[in-house]
Amino acid sequence: MVYRHSTSHILAQAVKRLYPEARLAIGPAIADGFYYDFDVPRTFTPEDLERIEREMEAIVAADLPFERFELPRDQALQLVRRAGEEYKAELISGLGPDEVISFYRQGEFVDLCAGPHVPSTGRIKAFKLLSVAGAYWRGDERNKMLQRIYGTSFPKASLLKDHLFRLEEAKRRDHRKLGVELDLFSVHESGPGFPFFHPKGMVLRNQLEDFWRHEHAKNGYQEIRTPIILRQELWERSGHWDHYKENMYFTSIDDENYAIKPMNCPGGILVYRSKLHSYRELPIRLGELGLVHRHELSGVLHGLMRVRCFTQDDAHIYCRPGQVEEEIVRIIDLTEYFYREIFGFDYHVELSTKPEKAMGSDEVWELATNALRGALETRGLKYKVNEGDGAFYGPKIDFHLRDCLGRTWQCGTIQVDFLMPEKFELHYIGEDGERHRPVMIHRVIYGSLERFIAILTEHFAGAFPVWLAPVQARVFPITDRHGPYAREVTETLGRAGIRVEFDGRNEKVGYKIREAQVQKIPYMLVVGDRELESGTVAVRHRAEGDLGAMTLDAFSERVLVEIHTKAR
RNA sequence: GCUGGUGUAGCUCAGUGGCAGAGCAGCUGAUUCGUAAUCAGCAGGCCGUCGGUUCAAAUCCGACCACCAGCUCCA
């Protein structure tokens, strides 16, 4: 961390030497590297980065010592103002009264910095500038956009090389690349952000949905389905019109205004409201694999991770106030079962609190937030707090999963909502015969099927567990005379419930094996004279290689066990 | 949406002002083969779109669209 931060100072020094008009913003170390933000009238090109790198080499070669000094606030301000560094002046003004204001000097270059640093610039052995991108000053889009240069550094050249190699390797797992290669899905210019699922992608998706339905039925959920287009009035009532309009698509039918749903909750509420409920029924858990559309900014679209229409594995739980925490614990348990037991993911949990543009009083938010916090503590889960990051109708717990480049994506979420029940005047009849207001919990486990499929693809690098694999086995006859037997094998396995393909093309076994390996098909079955005579199949596993001959029964038993246990 | 980059065959990519190219994939034929690529032939293009400059544009200029990285925002 210190090491990379020192490298960012060298970057800043090089930039100041080459472009004296550049104003410095901030330059922290980040995971795997560092960046520095500059305000420069011209834009940096890749050639500029090379020039800057060469200047950095010179600074490293000069082995300039890093020297620390401290100044009182007014002198510090004077120093940076004289240098025309208005961003640094703003940073100093933002520091608390008792904070020490320190600077670091290397050669002619001085920068406001808390430190620490390596002793001298010569300690930086291997570095590389990776990219340049825009970034708003203080991360606020109302502020000026600065130019951010990203880079990384390592104590040894070989470590830098390894790191760059790992970045390349990670790209091979990219779900966008694998999605094409494995023929899972596509996106087209005709519908940016609106993905098309191909037959193999649908097999995967349907497996996820079947499993989801099964587990939810076991856990006391009922399934519903609500329409995609509903009257605008509904969205005005729910608060989406006021808080979410810019993300919604609208249409009109017979001169009436309608909206395309960005969330499933208002529709689900209409189902709850369609009859009277007794306290004895609660909690009522209504699940919906609901297709929602949201207008996302064009610059954020990303394969299946970030799209403009997606299917949420949603559910809304209507319960009594006293049941909220227990319900949250149940959802956490179900989520952990999915993530940890079934898929084997690493994830982290965040708790998001009341945002600026929220509905409802602080007291209600406090209550809801405490319920979430209480459930997290009950389960002893570590979590990070995101102040002001909740939904407009309630605070939430989020489960975040990693993609191939280490970026994290929110998948599961649990949101407590006292407000929608209010807006829609929901009630149930209590023991006392009076009307009472239920609490609503919104939750998803996969999050969206699309994003989850993207994460799964990268997590397994396309080599899906057998239960999810679009094709579980492929059968190849060695020559034409083995064709009829190979077909019989294919049919028998198919009848046993295995997704199996027959590859009778006139190609060598090696060719077919290679193709099946590239497709990450878990099992390859070779049949030739030996198998034909003994009534067996020669089994090859995509990771374990040649497993030798097995009877058809033994093979199908093996695969069926893997399918049923969801072996990874 | 903002900053920067990219856009040529299904995929990966060459081609920098003068007839649009390669490998893989596809199709046809030959080969009948034992665990990651058999050989030969054929076909495949609105060079992202629209406009401009030029005798001539994939190539230069402009606008737009899409994609990539990052920022802001979110499942």
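A note on names: the letters A, B, ... follow the listed sequences, proteins ahead of strands, and every chain is numbered from 1.
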[N] [atom2] sits how many Å from [X] [atom1], rounded?
{"X": "A:Tyr36", "N": "B:U3", "atom1": "OH", "atom2": "P", "answer": "23 Å"}
{"X": "A:Asp32", "N": "B:A69", "atom1": "CG", "atom2": "P", "answer": "16 Å"}
{"X": "A:Asp48", "N": "B:G5", "atom1": "CG", "atom2": "C1'", "answer": "13 Å"}
{"X": "A:Tyr511", "N": "B:C24", "atom1": "OH", "atom2": "P", "answer": "10 Å"}
{"X": "A:Arg505", "N": "B:A37", "atom1": "CZ", "atom2": "P", "answer": "14 Å"}
{"X": "A:Leu547", "N": "B:U35", "atom1": "CG", "atom2": "P", "answer": "15 Å"}
{"X": "A:Asp174", "N": "B:U12", "atom1": "CG", "atom2": "P", "answer": "12 Å"}
{"X": "A:Phe476", "N": "B:U38", "atom1": "CZ", "atom2": "P", "answer": "13 Å"}

(message) Measuring only between side-chain heavy atoms, which start at C-beta, is A:Leu351 closer than 4.5 Å to A:Asn386?
(response)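 They are not in side-chain contact.
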
If the [atom1] atom of [N] is compared with that of [M], how far apart are they to the nearest Å?
{"N": "B:A57", "M": "B:G51", "atom1": "P", "value": "14 Å"}
{"N": "B:C33", "M": "B:A20", "atom1": "P", "value": "47 Å"}
{"N": "B:C24", "M": "B:A9", "atom1": "C1'", "value": "12 Å"}
{"N": "B:U72", "M": "B:C13", "atom1": "C1'", "value": "34 Å"}
{"N": "B:G34", "M": "B:U38", "atom1": "C1'", "value": "15 Å"}
{"N": "B:U12", "M": "B:C67", "atom1": "P", "value": "15 Å"}
{"N": "B:C11", "M": "B:G18", "atom1": "C1'", "value": "30 Å"}
{"N": "B:A43", "M": "B:G29", "atom1": "C1'", "value": "14 Å"}

(message) For nucleotides 70-75 of chain B, give me one character per nucleotide, 5' to 3': B if any protein heavy atom sits under 4.0 Å from the base, S if the only such contacts are to the sugar-phosphate, - if neither.
(response) BBBBBB

Quick one: look up who [N] pairs with, Watson-Crick or G-U, both distances under 3.5 Å, and put none if it's unpaired.
{"N": "B:G45", "answer": "none"}
{"N": "B:U16", "answer": "none"}
{"N": "B:C50", "answer": "B:G62"}
{"N": "B:G10", "answer": "B:C24"}
{"N": "B:G4", "answer": "B:C68"}
{"N": "B:U35", "answer": "none"}

Please pick, from [options], the nucleotide with the shortest atom-to-atom distance to any side-chain atom of [X].
{"X": "A:Thr479", "options": "B:U35, B:G4, B:C33", "result": "B:C33"}
{"X": "A:Ala538", "options": "B:U32, B:G34, B:A36", "result": "B:G34"}
{"X": "A:Ile513", "options": "B:A25, B:A36, B:U32", "result": "B:A36"}

(request) Indicate yes or no for a side-chain donor-acceptor contact from A:Gln147 to the backbone of A:Phe38 under 3.5 Å, with no hydrogens or angles considered. (result) no

(message) Using only atom types and a distance under 3.5 Å, with no angle test, would you say the side chain of A:His243 pairs donor to acceptor with the backbone of A:Gly239?
(response) yes

Once the angle between the rings of [X] and [Y] is folded into 0 to 90°, is it parallel (under 30°), tilted (30 to 60°) or perpendicular (over 60°)?
{"X": "A:Phe44", "Y": "A:Tyr19", "answer": "perpendicular"}
{"X": "A:Phe345", "Y": "A:Phe343", "answer": "parallel"}
{"X": "A:His541", "Y": "A:Tyr523", "answer": "perpendicular"}

(message) Please compare A:Ser298 and A:Gly545 by the position of their nearest nucleotide in RNA chain B and report the one closer to 5'.
(response) A:Ser298

(message) Using the rule salt bridge (charged side-chain N to carboxylate O under 4.0 Å, His left out), only one of A:Lys144, A:Arg142, A:Arg138 pairs with A:Asp140; which is it?
(response)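 It is A:Arg142, the one option of A:Lys144, A:Arg142, A:Arg138 that forms the salt bridge (charged side-chain N to carboxylate O under 4.0 Å, His left out) with A:Asp140.
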
(message) Is it true that, when you exclude A:Arg558 itself, more than 12 heavy atoms of the residues, nucleotides or ligands shown sit nearer than 6.0 Å to its CZ?
(response)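 Above 12, so yes.
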
(request) Report yes if the distance between the aromatic ring centroids of A:His163 and A:Phe154 is under 6.0 Å, otherwise no. (result)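 Yes.
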
Within the 4.0 Å heavy-atom criterion, would you say [X] contacts the bases, only the backbone, or no part of the nucleic acid?
{"X": "A:Leu301", "value": "sugar-phosphate"}
{"X": "A:Gly510", "value": "sugar-phosphate"}
{"X": "A:Glu507", "value": "base"}

(message) Is there, by distance only and without an angle test, a donor paired with an acceptor across the side chain of A:Glu246 and the base of B:G1 below 3.5 Å?
(response) no

(request) Determine whether the side chains of A:Glu288 and A:Thr226 contain a donor N or O and an acceptor N or O closer than 3.5 Å. (result)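 Yes - a donor-acceptor pair under 3.5 Å links their side chains.
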
(message) So, OP1 or OP2 of B:U35: does either fall under 4.0 Å of a side-chain N or O from A:Arg530?
(response) no

(message) Measuring to OP1 and OP2 of B:C68, would you say a side-chain N or O of A:Arg176 lies under 4.0 angstrom away?
(response) yes

